[in-house]
Amino acid sequence: MVSTTYQVQGMTCGHCVSAVSTEIGAIEGVKDVQVDLAAGRVTVTSDQPLSDDAVRAAVDEAGYELAGA
């Protein structure tokens with residue numbers, strides 16, 4: 001298992017957390033998504049390292065911006 005933390009900009013509420021969690025959770029191999037709303041951090045646990053492009057696309061689909069890993 002691999003855990004990676006990403007910085008996501010624009011999340012302000014529970015709906016934001018849900019949207020980001022749902023989109024990232026749909027990436028193949030993702031086992032868990034934990035969002036720290038106050039810090040704007042998303043920690044993703046997966047079977048193997050994820051492509052930054054896949055995570056960026058999922059965050060974009062949710063309507064937010066990936067600031068960095």
Novice: Work out which heavy atom in Gly10 is nearest to a heavy atom in Cys16; give both atom names and the distance.
Specialist: O-SG, 4.3 Å
Novice: Show the atom names and distances, to 0.1 Å, of all donor-acceptor pairs under 3.5 Å that link a side chain in residues 40-48 to residues at least two apart or in another chain.
Specialist:
{"from": "Thr43", "atom 1": "OG1", "to": "Thr5", "atom 2": "OG1", "distance (Å)": "3.1"}
{"from": "Thr45", "atom 1": "OG1", "to": "Ser3", "atom 2": "OG", "distance (Å)": "3.2"}
{"from": "Ser46", "atom 1": "OG", "to": "Gln48", "atom 2": "O", "distance (Å)": "2.7"}

Novice: Would you indicate whether the side-chain heavy atoms of Tyr6 and Val55 approach each other to under 4.5 Å?
Specialist: yes
Novice: Would you list the pairs meeting side chain to side chain donor-acceptor pair (under 3.5 Å) in which at least one residue belongs to residues 8-27, sequence neighbours left out?
Specialist: none
Novice: On a heavy-atom basis, which atom in Glu28 and which in Leu50 lie closest, and how many Å separate them?
Specialist: O-CD2, 4.0 Å
Novice: Just how far is it from atom CG of Asp52 to atom OG1 of Thr4, taken to the nearest 0.5 Å?
Specialist: 8.5 Å
Novice: Which atom pairs, one a donor and one an acceptor, fall under 3.5 Å between side chains of residues 31-39 and the rest of the protein, sequence neighbours left out?
Specialist:
{"from": "Asp32", "atom 1": "OD1", "to": "Gln34", "atom 2": "NE2", "distance (Å)": "3.2"}
{"from": "Asp32", "atom 1": "OD2", "to": "Gln34", "atom 2": "NE2", "distance (Å)": "3.1"}
{"from": "Asp36", "atom 1": "OD1", "to": "Ala38", "atom 2": "N", "distance (Å)": "3.3"}
{"from": "Asp36", "atom 1": "OD1", "to": "Ala39", "atom 2": "N", "distance (Å)": "3.1"}

Novice: Between Val59 and Leu66, which heavy-atom pair has the shortest distance, and what is it?
Specialist: CG1-N, 3.7 Å
